[in-house]
Structure formats: structure tokens, C-alpha cells
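What follows is a short report on a single structure.
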There are 2 protein chains.
Amino acid sequence: MGFAETFKALADPVRREILILLKQGRLSAGEIGSHFDMTGATISYHLGILKKADLVFETREKNFIYYELNTSVVEEVMLWLSELKGGNEDAEK
Amino acid sequence: MGFAETFKALADPVRREILILLKQGRLSAGEIGSHFDMTGATISYHLGILKKADLVFETREKNFIYYELNTSVVEEVMLWLSELKGGNEDAEK
DNA sequence: TAGTTATTTAGAATTTTTTCTAAATAACTT
DNA sequence: AAGTTATTTAGAAAAAATTCTAAATAACTA
């Protein structure tokens, strides 16, 4: 894990757009790629970064690879930010 | 503003450490620098990135420049993440 | 005013990131 | 088995980020 990887993954606009697409549900690499004006190789690179950051996970089916949002890491990041923001008021309630 | 700048700023461990230091209260550039094994020029570079991302602001006093945490942008990021995480349940309550 | 202290800016070197093309896998279909 | 489709991996080129040294500002102090 590691916040560096996570924030780095979130820093790229293409990768954030991919995550937003996946909010609606799982998509294959090809379906994700069709939303962008880039080669499949580049999309695969971005998916790799998101996967390494644990922001998505894949499930293989037929000759497709489907990607899905992994929200658990998103929660960890939110916790870190909330810690930063203010002595964590949530923990007191 | 812009999430790219914000996440990029948060992606670097030195910059995250600076933000954590500033949680305790404002510090001068020199005081911040003394926590790291880097030149003042490099610290200044990182502070510039944090400033551009609106994660900190500065106030000048004597011949010091003090840096302070700006939590408002942190909240915006948290909102974006919470949107991503789940159709935003918070908005329904 | 001259010198000192705090910080930034400029420029260069190094590393990392992003993107492409071409080739390699992997799994299906005929 | 051979061909097709979906995706990744490798390698290279280009762009961006990180760090340094040296020089420039800015504001104080004697």
C-alpha cells in the first residue's frame, strides 16, 4: 500500500476519469479505452497504476479483463485527509 | 484550484510530511527545512507546489515567511473522494 | 550604509512519468 | 490447428518532477 502510490495514481486526470467511469459498474479494458483518445497500451499502463494503488481490481472472464472500483483504499485516503484537516473530530463522537 | 495539482502535491512524501508538521501550527520556511535533509532551495520548491495547490498559505513577518495549513482544499478533496466512493450517501441524509 | 539572515529564483543534472509502436500472451472461434 | 480478438509487455522518445549549487531578493541589524 502506501499513500504515495495512491495519491500519485489519483493525480492523473485520465486515471481519475477511469475511476469515475467505474463508479457505474465494472468495465473491460477495451470499454474503458473507448472513452479516451489513446492507445490500448496506454490505457493498460494507467490501469496498471490504478491496480498497483489498489484503487481497482480485475476479474478475468472469457478473453476480457474487467476492472472494478475498490473503494476501501478511497476510505483510507479520506481518513488520512480528515486526520490532517483537524485533529479528527470524528474519533471523538 | 484543480484536483490534478492537489493530488500531485499530496503525492510527494516530503510534502505530506510538511503538511503534517503544519498541523501543529505555522512554521517558517527555515523551521520546516530543519526537519529534512535537503537544501533550503528544495524545501522552497516543495512549499511552492503546496502553495500553488492552495494546501498552504504564507504570511510574511519580519524577514521570515511563515507557512500555514489551508484546510479548505482538503475538504474539497474529501468531497470528491466521497462522491467516488459511493453515490454520496451523505447528500441523502 | 554595509553586513547578516531568511528565503526564493535560475539553471543544470538526474530521475520519473507518460505516451507511442511493435511484439508477445491469452483465450476464444472456426 | 490456425486465425481472431482483447489485453499486456518491452523498448524508446518526449515531457515533467525532483534535487542540487550558485546567485538574487528582501528585510532586518549594527
Do any side-chain nitrogens or oxygens of [X] fall under 4.0 Å of OP1 or OP2 in [N]?
{"X": "B:Thr42", "N": "D:dT18", "result": "no"}
{"X": "B:Ser28", "N": "C:dT7", "result": "yes"}
{"X": "B:His46", "N": "D:dA17", "result": "no"}

d([atom1], [X]; [atom2], [N]) in whole Å:
{"X": "A:Leu50", "N": "C:dT17", "atom1": "CG", "atom2": "C1'", "value": "14 Å"}
{"X": "B:Arg26", "N": "C:dT7", "atom1": "CZ", "atom2": "C1'", "value": "16 Å"}
{"X": "B:Lys62", "N": "D:dT25", "atom1": "NZ", "atom2": "C1'", "value": "18 Å"}
{"X": "B:Ile43", "N": "D:dT18", "atom1": "CD1", "atom2": "P", "value": "12 Å"}
{"X": "B:Leu47", "N": "C:dT7", "atom1": "CG", "atom2": "C1'", "value": "10 Å"}
{"X": "B:Ile49", "N": "D:dA17", "atom1": "CD1", "atom2": "P", "value": "7 Å"}
{"X": "A:Lys8", "N": "D:dA17", "atom1": "NZ", "atom2": "P", "value": "12 Å"}
{"X": "A:Arg15", "N": "C:dT19", "atom1": "CZ", "atom2": "P", "value": "8 Å"}

Which label fits A:Trp80 and A:Phe7: parallel for a plane angle under 30°, tilted from 30 to 60°, or perpendicular past 60°? perpendicular

So which nucleotide from [options] ends up closest to the side chain of [X]?
{"X": "B:Ala41", "options": "C:dT9, C:dT17, D:dT19", "answer": "C:dT9"}
{"X": "B:Asn63", "options": "C:dT19, C:dT5, D:dC20", "answer": "C:dT5"}
{"X": "A:Glu58", "options": "C:dA6, D:dT8, D:dA17", "answer": "D:dT8"}
{"X": "B:Ile65", "options": "D:dT19, C:dT8, C:dA6", "answer": "C:dT8"}

Test salt bridge (charged side-chain N to carboxylate O under 4.0 Å, His left out), reference A:Arg26, set A:Glu31, A:Glu58, A:Glu61, A:Glu68, output is A:Glu61

Working to the nearest 0.5 Å, report the span between [atom1] of [X] and [atom2] of [Y].
{"X": "B:Leu81", "Y": "A:Leu19", "atom1": "CG", "atom2": "CG", "answer": "9.5 Å"}
{"X": "B:Arg16", "Y": "B:Leu10", "atom1": "CZ", "atom2": "CG", "answer": "7.5 Å"}
{"X": "B:Ile18", "Y": "B:Leu69", "atom1": "CD1", "atom2": "CG", "answer": "11.5 Å"}

Have a look at A:Gly30 and say if it touches a base, only the backbone sugar-phosphate, or nothing, with a 4.0 Å heavy-atom cut-off. sugar-phosphate

When all nucleic acid strands are considered with a 4.0 Å heavy-atom cut-off, which category describes B:Tyr67: base, sugar-phosphate, or nothing? sugar-phosphate

Go nucleotide by nucleotide along DNA chain D from the 5' end; which of A:Ser44 and B:Met38 gets its closest nucleotide reached first? A:Ser44

